[in-house]
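Right, one structure below, let's go through it.
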Amino acid sequence: MRCRLAGQRVVIDGELDEACWRRADVATDFKLLERGGSATQRTECRVTYDAQNLYVAFVCLDARPREILARHLRDDGPVWRDDCVEVFLDTQHDHKNYFHLISNALGTRFEEKGPAWPNPPSWNADWKVATRVSDHGWQVEMAIPFGSMGLGMPEPGTVWGFNANRQEYRLRERSSWAETLRSFHEPRHFGHLLFVPPS
């Protein structure tokens, strides 16, 4: 998946109305964990970046948006027990260590360093998230500072391990862009995120 320079200011408001999101590659056809096959509810993930942040956006279509499960309001609580999206970043591309971020439809956040799980004290990042719920589902916009991961702006050609995931409790579906086998926490099965200059 290519990650292009945004070329503009990205406002974290959950709207995904900047031109950079329209230019971004779209990760879709999420595969079900353990059961195999495609998720029944379409999920789209997009990425872009600038000098300070990696930006990640999700569009989570849902045939019954009034039944979206969103109960947890405390950051670093068990947000994964709600409908949620998850991001995994193997910034060293060593197929072992990773950063893990979760948001539910309320914008409640969870973050940690892997491979331990769950271990929120392992990492405390000043990342931003905004969400929007509509008649078609919900969407998420994240800004993850490179500095919070001890990194500077990636050079074009840099490759990270990357995965985007979704949990949908009404249908008991857990799905991933890069297919994992028994858990989302399988960095050897993550996909690749390639940082590229604007085209």
Side-chain angles (χ1 to χ4, degrees), residues 1-33 38-39 41-61 84-103 111 113-114 125 127-132 137-166 174-181 184-199:
M1 187 176 180
R2 293 171 296 182
C3 185
R4 295 185 174 89
L5 275 171
Q8 66 185 118
R9 180 170 176 259
V10 180
V11 178
I12 304 303
D13 57 7
E15 292 292 353
L16 313 187
D17 50 1
E18 291 88 357
C20 59
W21 293 126
R22 294 190 293 274
R23 295 192 303 266
D25 285 7
V26 182
T28 188
D29 192 23
F30 279 41
K31 299 299 183 184
L32 292 170
L33 182 66
S38 297
Q41 306 296 294
R42 180 179 173 88
T43 306
E44 299 176 355
C45 178
R46 294 170 172 82
V47 290
T48 187
Y49 75 114
D50 61 19
Q52 288 79 38
N53 299 299
L54 174 71
Y55 300 96
V56 184
F58 287 86
V59 175
C60 302
L61 299 185
C84 63
V85 292
E86 306 190 24
V87 174
F88 289 83
L89 303 170
D90 174 5
T91 60
Q92 301 177 55
H93 207 207
D94 62 4
H95 309 290
K96 181 180 178 181
N97 298 285
Y98 53 86
F99 297 96
H100 176 211
L101 306 97
I102 309 176
S103 176
E111 74 272 353
K113 280 185 180 179
W127 59 292
K128 295 182 174 66
V129 62
T131 61
R132 288 286 184 271
W138 59 294
Q139 54 193 42
V140 183
E141 196 171 22
M142 302 175 176
I144 307 164
F146 295 121
S148 71
M149 298 180 282
L151 303 169
M153 178 183 180
E155 295 288 337
T158 298
V159 177
W160 291 0
F162 175 80
N163 213 355
N165 310 79
R166 178 180 177 185
R174 296 188 293 164
S175 58
S176 303
W177 167 61
E179 190 170 7
T180 55
L181 303 179
F184 290 162
H185 296 257
E186 296 178 357
R188 67 190 182 278
H189 293 134
F190 290 174
H192 294 154
L193 186 67
L194 172 64
F195 290 87
V196 298
S199 55

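Count residues from 1 along the sequence.
Closest approach of Cys60 to Val85, counting heavy atoms only: SG-CG1, 3.5 Å. Here the closest non-hydrogen pair linking Leu16 and Phe58 is CD1-O, 4.2 Å. What you find for Trp177 and Thr28 is that their closest heavy atoms are CD1-O, 3.9 Å.
Under the rule for a salt bridge (Lys or Arg N to Asp or Glu O under 4.0 Å), the partners of Arg2 that lie at least two apart in sequence or sit in another chain are Asp25. For Glu179, there are no salt bridge (Lys or Arg N to Asp or Glu O under 4.0 Å) partners at least two apart in sequence or on another chain. Residues passing the salt bridge (Lys or Arg N to Asp or Glu O under 4.0 Å) test with Lys128: none are found, sequence neighbours excluded. With sequence neighbours excluded, the residues forming a salt bridge (Lys or Arg N to Asp or Glu O under 4.0 Å) with Glu44 are Arg42, Arg46, listed by chain and number.
Between the CD atom of Glu111 and the OG atom of Ser148 there is a distance of 8.5 Å, given to the nearest 0.5 Å. If you take CZ on Phe88 and CZ on Phe99, they are separated by 13.5 Å, rounding to the nearest 0.5 Å. Rounded to the nearest 0.5 Å, atoms CE (Met149) and NZ (Lys113) are 10.5 Å apart. We find the CZ-CZ distance between Phe190 and Phe184 to be 10.5 Å, quoted to the nearest 0.5 Å. Atom CH2 of Trp127 sits about 5.5 Å away from atom OG of Ser103, to the nearest 0.5 Å.
Lys31 and Ser38 are linked by a side-chain donor-acceptor pair at a separation below 3.5 angstrom, with hydrogens and angles left out of the test.
Annotation: side chain to side chain donor-acceptor pair (under 3.5 Å) contacts involving residues 156-165, sequence neighbours excluded, comprise Asn165-Ser176. The list of side chain to side chain donor-acceptor pair (under 3.5 Å) pairs with a residue in residues 8-17, not counting sequence neighbours, reads Glu15-Arg132.
Under a 3.5 Å cut-off, the side chain of Gln139 and the backbone N or O of Gly14 do form a donor-acceptor pair. Without hydrogens or angle criteria, Glu86 side chain to His100 main chain gives no donor-acceptor distance under 3.5 Å.
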